[in-house]
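Labels below follow one simple rule: chain letters A, B, ... track the order of the sequence lines, proteins then strands, and each chain is numbered from 1. Nothing here was measured: the structure is a model prediction, and the numbers come from that model.
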4 protein chains.
Amino acid sequence: MVDESGRGRPRSESARTAVLHAVDDLLVEIGYAALTMKGIAERAGVGRQTVYRWWSNKAEVLYEASAIDAGRELSVPGGGDPHEDLKTYLDALVAFLSRSHAGTAYRALMGEAQHDADVAALLASRDILGESAAAVVEAARNASGTALSSEQATALLIGPPLFHILSGRGADGIDTEQLAERFLRTLNHPGT
Amino acid sequence: MVDESGRGRPRSESARTAVLHAVDDLLVEIGYAALTMKGIAERAGVGRQTVYRWWSNKAEVLYEASAIDAGRELSVPGGGDPHEDLKTYLDALVAFLSRSHAGTAYRALMGEAQHDADVAALLASRDILGESAAAVVEAARNASGTALSSEQATALLIGPPLFHILSGRGADGIDTEQLAERFLRTLNHPGT
Amino acid sequence: MVDESGRGRPRSESARTAVLHAVDDLLVEIGYAALTMKGIAERAGVGRQTVYRWWSNKAEVLYEASAIDAGRELSVPGGGDPHEDLKTYLDALVAFLSRSHAGTAYRALMGEAQHDADVAALLASRDILGESAAAVVEAARNASGTALSSEQATALLIGPPLFHILSGRGADGIDTEQLAERFLRTLNHPGT
Amino acid sequence: MVDESGRGRPRSESARTAVLHAVDDLLVEIGYAALTMKGIAERAGVGRQTVYRWWSNKAEVLYEASAIDAGRELSVPGGGDPHEDLKTYLDALVAFLSRSHAGTAYRALMGEAQHDADVAALLASRDILGESAAAVVEAARNASGTALSSEQATALLIGPPLFHILSGRGADGIDTEQLAERFLRTLNHPGT
DNA sequence: GTATAAGCGAGACGGTACGTCTTGTCTTGGC
DNA sequence: GCCAAGACAAGACGTACCGTCTCGCTTATAC
């Protein structure tokens, strides 16, 4: 996609990883609000132009820096008992959203997306939350024969704990055991 | 804190309303991202210090400017058929979050709250979404005798459509009729 | 000219002098080529905007910082013997152009003016060299009854030593005694 | 210095001339101030390193690009009537300094030399102006038997019109006829 | 009625991030 | 080993906004 001709100095992989690591570090040390492109470049020991050459804004570089972590933290084995797998997934989701650094970045990006179309498009390009839930949701849907679409089921599963956390209530009041059980019962009910 | 002695020139109510109106107008015209304290003051024909005197940051003035609208848009009559009232409320909620100016402001504030403790405290000071749902949620809880707490029930009601909208899917795919029905069935089910 | 209305915070005189002193200091310490608006602002302990608010470019601030010195260094008493006064003036001129800090600045500005219309206009707004020579030139013209205009006479006086210095030959080879004498003889000659 | 061993690819003459032509063109099109090494290389269709390999800075390449033109424009036949030859030379000098592209480049370089020792050394390496005047000046000196050195005479001839042009007065007010006459009379006068 | 106090609009202040630009160097593959 | 291409680190550019400050003016209560 980049440098199709093969001519010119190739992209420096070390610069790329230095930037991503700098973002990770700074996110922990000073937080999202204090992140600046200038600060990232300086911390990475990289020219500012090099950052702008490969990422067009703070959101893009932050997204790339945390997407891998996010995927890893949200992936659960699956394939076992549906109820158990659901609870495991919800625990991972709650931990990610409320305690993980990658989750902090993701919440900030989701916030930014509410008033920045570029960030919204970036997040829409890959539905990290939806993807992470896909396996357990599909297993539950198949086992129940529900009429709910994947999207409806995903919203039903993720929505309640997400609202809880986004509205500042923290993760303590969330009972993933109950959430999993209610989710399954709603799916199993013939009328929906 | 403010003029306890009664001496000195009193606060100018016209300046206050001019600021709030300027915020409303600018939010529509240029959007949240382009809002600046400088721009607000200039649009209101007010000194910048006057804005800072009464609101400590952009979030506070925006919150005050949209809270009244938010409350009005989210208040539904209630007292009728529970299912019907729930659907009416959900329609109002979806319209607020996805189409209203006040809702745009609220989403932006909720986003900011994810990485700004001051904004988080501001939103926590009054749970606009939760309050708005309280009447219909309580009516449904009382009618069903559910074991779910008010908070759990509220998250169950608001979470799914909120996730849908916040993740950039828009409001079109939301079936408030089904959401209301599923919500009631979950409450009525003895096991939860 | 500035702040005609009298409203708003008045210009800070201390900031203005801090900038001019910073320019003076930096010119000596790091030289003209290394002067930057950023560096001036930092050295003066002043915001960069403050510099840009009152001077539109490096040339303007440098001009203001050195014009006073230039005028002082080039002013000679006059009123005595024409030949003596001319030599005194030429000595001052040569010292200014070849050794003084203000003269270094002036040569740099004159150089910049050759390819920057703004700087050219700035220098044209006040002909520092011409002005400084005016008194001695007029005295000589009046005493001789020459047909040469002020401008022609000024060029005749200043041109040769200026060429010498600008072309990098330094000041050592300049005999101001002879220059003064030749200048007077050219003026006194009836044919010119 | 350059490729003494004869090994490796020889210097590309076409690259060299492409650079010099690019400088000539850009000087006319965008002016000296906007000239950049990057722009020169791109215009010449040449790698930037190739420019740096043969010229160490903007001044050097500009000097080489305009020196030939400068020499040509300033060379006058000579050998005729001294007064006539002087006037011809002064006309060429004034045209060069005030209207020629090469002259524009030369004025810019002379300006740069005032605060850049490298450029000063470059210009000092070959005294283009002095050389150009040498023939007519020597002819006049020999004919007059003046006591003035070549350098003094050259400064006397070139200085006044140079000051006129460098100080932004343009070429219109210069009377080369009179300048030539005065120059000759000063040389002929026994006392100098 | 006059002193005192505080709010007001305006706008300059020091500070700092923005995204772009140019510099001179380095690193590819191709000639 | 030169060449075109183009990425690299560095750092200045001029602009924008931040939150504070300093003016003269206005509008109140308190003496």
Side-chain angles (χ1 to χ4, degrees), chain A residues 2-3 5-12 14-16 18 34-39 41-42 44-54 56-58, chain B residues 2-3 5-12 14-15 34-39 41-42 44-54 56-58, chain C residues 2-3 5-12 14-16 18 34-39 41-42 44-54 56-58, chain D residues 2-3 5-12 14-15 34-39 41-42 44-54 56-58:
Chain A
V2 173
D3 192 15
S5 67
R7 287 201 296 181
R9 182 176 178 172
R11 174 173 185 179
S12 159
S14 68
R16 180 178 163 273
L35 264 192
T36 65
M37 291 295 256
K38 185 171 182 281
E42 282 172 3
V46 141
R48 299 167 64 177
Q49 183 106 143
T50 298
V51 183
Y52 281 107
R53 190 152 25 222
W54 305 111
S56 58
N57 51 54
K58 199 167 71 170
Chain B
V2 175
D3 195 13
S5 69
R7 286 203 299 176
R9 181 175 180 173
R11 172 172 185 179
S12 160
S14 68
L35 263 193
T36 65
M37 292 297 254
K38 186 171 181 280
E42 281 173 2
V46 142
R48 299 168 63 180
Q49 185 90 184
T50 300
V51 184
Y52 283 107
R53 188 145 33 216
W54 305 112
S56 59
N57 52 52
K58 197 166 71 169
Chain C
V2 174
D3 193 14
S5 67
R7 287 199 295 180
R9 181 175 179 173
R11 174 173 186 180
S12 160
S14 68
R16 179 179 163 272
L35 264 193
T36 65
M37 291 295 255
K38 186 172 184 281
E42 283 171 3
V46 141
R48 298 167 64 177
Q49 184 107 147
T50 298
V51 183
Y52 282 108
R53 189 150 28 219
W54 303 112
S56 58
N57 50 54
K58 201 166 69 169
Chain D
V2 175
D3 195 13
S5 68
R7 286 198 301 174
R9 181 174 178 174
R11 172 172 184 180
S12 159
S14 69
L35 265 193
T36 64
M37 292 296 255
K38 185 172 181 280
E42 281 173 3
V46 141
R48 300 168 62 179
Q49 186 85 202
T50 299
V51 183
Y52 281 107
R53 190 149 25 220
W54 306 112
S56 60
N57 52 51
K58 199 165 71 171

> Quick one: on DNA chain F, does D/T50 or A/S12 contact a more 5' nucleotide (nearest heavy atom)?
Replying inline: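 Here D/T50 is the residue nearer the 5' end.
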Enumerate the protein-to-nucleotides 18-21 of chain F contacts in which both atoms are nitrogen or oxygen and the separation is below 3.5 Å.
residue : atom : partner : partner atom : Å
F/dC18  : OP1  : B/M37   : N            : 3.3
F/dC18  : OP2  : B/M37   : N            : 3.3
F/dC18  : OP2  : B/K38   : N            : 3.2
F/dG19  : OP2  : B/Y52   : OH           : 2.8
F/dG19  : N7   : B/R48   : NH2          : 2.8
F/dG19  : O6   : B/R48   : NH1          : 3.2
F/dG19  : O6   : B/R48   : NH2          : 3.3
F/dC21  : O2   : C/R9    : NH1          : 3.1
F/dC21  : N4   : B/Q49   : NE2          : 2.4

> Is C/R16 positioned over the aromatic face of C/W54, cation under 6.0 angstrom from the ring centre and no more than 45 degrees off axis?
Replying inline: no
> How long is the line joining CZ of A/R11 and C1' of F/dA7, in whole Å?
Replying inline: 10 Å
> For the atom pair CD (D/Q49) and CE (D/M37), what is the distance rounded to the nearest 0.5 Å?
Replying inline: 10.5 Å
>> Heavy-atom nearest nucleotide on DNA chain E for C/R53 versus B/A15: which residue maps closer to 5'?
In response: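 Nearer the 5' end of the strand: B/A15.
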>> Just to verify, what does A/R48 make a salt bridge (Lys or Arg N to Asp or Glu O under 4.0 Å) with, not counting sequence neighbours?
In response: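 With neighbours one apart ignored, the set is empty.
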>> Please confirm whether the shortest side-chain N or O distance from D/W54 to OP1 or OP2 of F/dC3 is below 4.0 Å.
In response: yes
>> Under the rule for side-chain hydrogen bond (donor to acceptor under 3.5 Å, both in side chains), what residues qualify as partners of B/T36, not counting sequence neighbours?
In response: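 Here no residue qualifies.
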> Taking all atoms of both residues into account, what is the closest heavy-atom pair of C/S12 and C/A15, and its distance?
Replying inline: OG-N, 3.0 Å
